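Please read the structure below before turning to the comments.
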Amino acid sequence: MSVPEGPRIPGERRYWCEHAWTGGPTAEAGVLLTVDPGGRLTSVTAGTEPPIDAERLSGLTLPGLANAHSHAFHRALRGRTHADGGSFWTWREVMYRAAERLDPESYHRLARAVYAEMALAGVACVGEFHYLHHAPGGRRYADPGVMGHALTSAAADAGIRITLLDVCYLAGGLGEDGGHPPPTGPQLRFGDGTVDAWAERVRGTRVEGAHARAGVAAHSVRAVPAKDLPEVARVADSGGMPLHVHVSEQPAENAACLAAYGLTPTGVLAEAGALTERTTLVHATHLTDADVDTVRAHGAAVCLCPTTERDLADGLPRTGDLVAGSRPVPLSLGSDQHARTDLFEEARGVELHERLRTHRRGTLDGGALLRAATVDGHAGLGWTDAGALTPGARADLVNVPLDGVGLAGADPDRAVDAVVFGATAADVRHVMVDGVWIVRDGAHTLVPDTARELDSAIKELL
């Protein structure tokens, strides 16, 4: 259908998409988008011919992607730990050595490049699980929020939004006797000593910039004693903030928690009042039947990070059980340790891991996986006005042509499945965040030589 030329808003821009995903199982053809000067979508009209004044976007156009779980400094470990054998616990020691060396300036340089790499992959918003709060040895910086400011500034420099999830980290582990040894070594940088000191620092630290929002996290039941979890939940509730928690990533965590408390990590969180509709459980790999029911009953969400979970030999989550029934658990996606920075790989990994677990195909189609990568990911980070191509939403666009080598021959009528199951981050051509193009023709407009900046930041650190 043609689009009538009605009154135009001064400064309004129009984009005609060959195909666009507007939330269903398949894409719409001939979608005309209008964007106002404030960076919001004002209209979304399918079945149109391209107007003369509209920029044409070939292939498939999506809403901006949300990377709901990131540890930016882990990017420095890519290619350095994957073939070393061992386990999650031995990998963690290598990660701690990298954490020990960062300061606010080097953290900003590294995170700026990491977030630029995300932007090149179509990420419009990141949830940064931030626990590197203090100087080596646990010494407090004069500005207690300086490491967080380094991250929010880095996101602004890279042109993406950020939810800074300030992590409560009080203990060095959990023994089966219920004891929590104090943090040691690099862990001293993570902790505030007491939950009250953590809460005071969170309440006294401003997250600045329209591109940034505050959230909180409990690192895990290993690092936050059960008695302190209610205060973490109260801080989240009083500020209306998202609450994220690592949960049941490893069987050893479940075993220690059961021995210490007689409950699984999910049960401990529920008893502490830390499971609500604002809660996202990260990994949730080893849930029991009762855990799945508890997560669903409390309206909590789950963030899956398939490339990390398989790299660290964590296991296969019960995705099909989580999304079954009339009240499916919302899913989001994260690149976590950044073994890859590719939300398409994370999305298809969710379905492919479930196939390995169940020997069945087709639990989640391309549309459901894109929902996890977009609207549900943004919602879990507190950005309920993003992640969808709908009037009033933030104008975040990710354009993926179908004519590259990897997608050549794709059926345009199945463009969603073609991109989710066949595309990589390298196929992304253009990315818009809040109405501003930050990636054009595969190049970052604000960090033009992202590869060089990553290379220099990582080599300087290590």
Side-chain angles (χ1 to χ4, degrees), residues 67-100 114 117-118 121 126-132 165 167 169 172-174 185-187 190 217-224 244-257 264-266 280-288 291 302-319 322 331-357 372 425 458 462:
N67 186 354
H69 189 68
S70 163
H71 302 282
F73 75 89
H74 291 192
R75 172 63 178 85
L77 304 181
R78 184 184 296 175
R80 297 173 184 267
T81 62
H82 311 298
D84 293 347
S87 67
F88 166 84
W89 308 102
T90 53
W91 168 87
R92 190 177 68 164
E93 295 306 314
V94 180
M95 178 270 290
Y96 283 163
R97 291 199 291 272
E100 202 164 26
V114 171
E117 183 182 17
M118 288 184 198
V126 62
E128 184 62 36
F129 203 84
H130 170 49
Y131 52 78
L132 194 53
L165 298 160
V167 177
Y169 196 115
L174 171 61
Q187 293 175 334
F190 309 159
H219 180 274
S220 59
V221 296
R222 303 189 314 274
V224 182
H244 289 219
V245 193
H246 288 138
V247 169
S248 294
E249 183 175 3
Q250 289 283 324
E253 175 186 313
N254 281 9
C257 193
T264 64
T266 298
T280 295
L281 307 181
V282 182
H283 302 305
T285 308
H286 300 281
L287 300 182
T288 66
D291 288 340
V302 167
C303 177
L304 300 174
C305 309
T307 62
T308 292
E309 288 150 8
R310 64 175 174 245
D311 178 61
L312 298 181
D314 287 343
L316 299 172
R318 301 175 56 175
T319 306
L322 290 168
L331 301 180
S332 57
L333 306 174
S335 62
D336 195 355
Q337 64 153 327
H338 313 298
R340 297 293 306 157
T341 301
D342 189 335
L343 266 288
F344 299 128
E345 176 66 17
E346 304 293 349
R348 61 177 161 266
V350 170
E351 166 64 17
L352 298 182
H353 283 193
E354 185 65 0
R355 294 180 185 187
L356 289 174
R357 187 181 75 90
I458 292 170
L462 298 179

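A quick note: this is a predicted structure, and the numbers were derived from the prediction, not measured. Heads up: numbering here begins at 1 and tracks the sequence.
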Checklist entry - With Ala347, which residues qualify under side chain to side chain contact (heavy atoms under 4.5 Å, CB included), at least two apart? => result Leu333, Leu369, Val420
Checklist entry - For Glu128 and Ser70, does a side-chain donor sit closer than 3.5 Å to a side-chain acceptor? => result yes
Item to check | Pairing residues for Ser248 by the side chain to side chain donor-acceptor pair (under 3.5 Å) criterion, not counting sequence neighbours | outcome: Asn254
Next on the checklist: To the closest 0.5 Å, what do you measure between CG (Leu287) and OG1 (Thr266)?
Outcome noted: 5.0 Å
Checklist entry - Do you know the tightest heavy-atom contact between Ser220 and Val245? => result CA-CG1, 4.1 Å
Checklist entry - Distance from Arg348 atom CZ to Asp342 atom CG, nearest 0.5 Å? => result 6.0 Å
Checklist entry - Which atom pair, heavy atoms only, marks the closest approach of Ala284 to Val302? => result CB-CG1, 3.9 Å
Item to check | For the student: nearest non-hydrogen atoms of Leu174 and Ala256, plus distance | outcome: O-CB, 3.7 Å
Checklist entry - Closest approach of Ala218 and Val224, non-hydrogen atoms and distance? => result CB-CG2, 4.1 Å
Next on the checklist: Suppose we screen for side chain to side chain contact (heavy atoms under 4.5 Å, CB included). Which residues come up paired with Ser335, at least two apart in sequence or across chains?
Outcome noted: Asn67, His338, Glu346
Next on the checklist: Just to verify, what does His283 make a ring pair (Phe, Tyr, Trp, His ring centres under 6.0 Å) with, not counting sequence neighbours?
Outcome noted: His69, His246
Next on the checklist: Looking at Arg310 and Glu345, is any side-chain nitrogen of the basic one under 4.0 Å from a carboxylate oxygen of the acidic one?
Outcome noted: yes
Checklist entry - In chain order, what residues pass the side chain to side chain donor-acceptor pair (under 3.5 Å) check against Glu354, with sequence neighbours excluded? => result Arg357
Next on the checklist: Between the side chains of Glu117 and Arg78, is the shortest nitrogen-to-carboxylate-oxygen separation below 4.0 Å, so that they form an ion pair?
Outcome noted: yes
Next on the checklist: With heavy-atom distances below 4.5 Å as the criterion, would you say the side chains of Gln337 and Asp311 are in contact?
Outcome noted: yes
Checklist entry - Could you give the distance from CG (Asp336) to OG1 (Thr307), rounded to the nearest 0.5 Å? => result 7.5 Å
Next on the checklist: Within the 4.5 Å heavy-atom criterion, are Leu312 and Glu249 side-chain neighbours or not?
Outcome noted: yes
Checklist outcome for this item: Smallest heavy-atom separation, Glu253 atom then Pro265 atom, equals OE2-CG, 3.6 Å
Checklist entry - To the nearest 0.5 Å, what is the distance between NE2 (His130) and CZ (Phe73)? => result 10.5 Å
Item to check | Check: Phe129 ring centre within less than 6.0 Å of His244 ring centre | outcome: no
Checklist outcome for this item: Distance col, row Ile458:CD1 vs Leu77:CG, nearest 0.5 angstrom, shows 9.0 Å
Checklist entry - So which heavy atom on Ser332 is nearest to which on Cys303, and how close? => result OG-CB, 3.3 Å
Checklist entry - Using 30° and 60° as the class limits, which term best fits the ring planes of Tyr131 and Phe190: parallel, tilted or perpendicular? => result perpendicular
Next on the checklist: Would you compute the distance between atom CG of Leu356 and atom CG of Leu316 and round it to the nearest 0.5 angstrom?
Outcome noted: 6.0 Å
Checklist entry - How would you list, by chain and number, every residue that makes a salt bridge (charged side-chain N to carboxylate O under 4.0 Å, His left out) with Arg340, sequence neighbours excluded? => result none
Next on the checklist: Arg355: which residues meet the side chain to side chain donor-acceptor pair (under 3.5 Å) condition with it, sequence neighbours left out?
Outcome noted: Glu351
Item to check | For Thr264, side chain to side chain donor-acceptor pair (under 3.5 Å) partners two or more places apart | outcome: Asp291
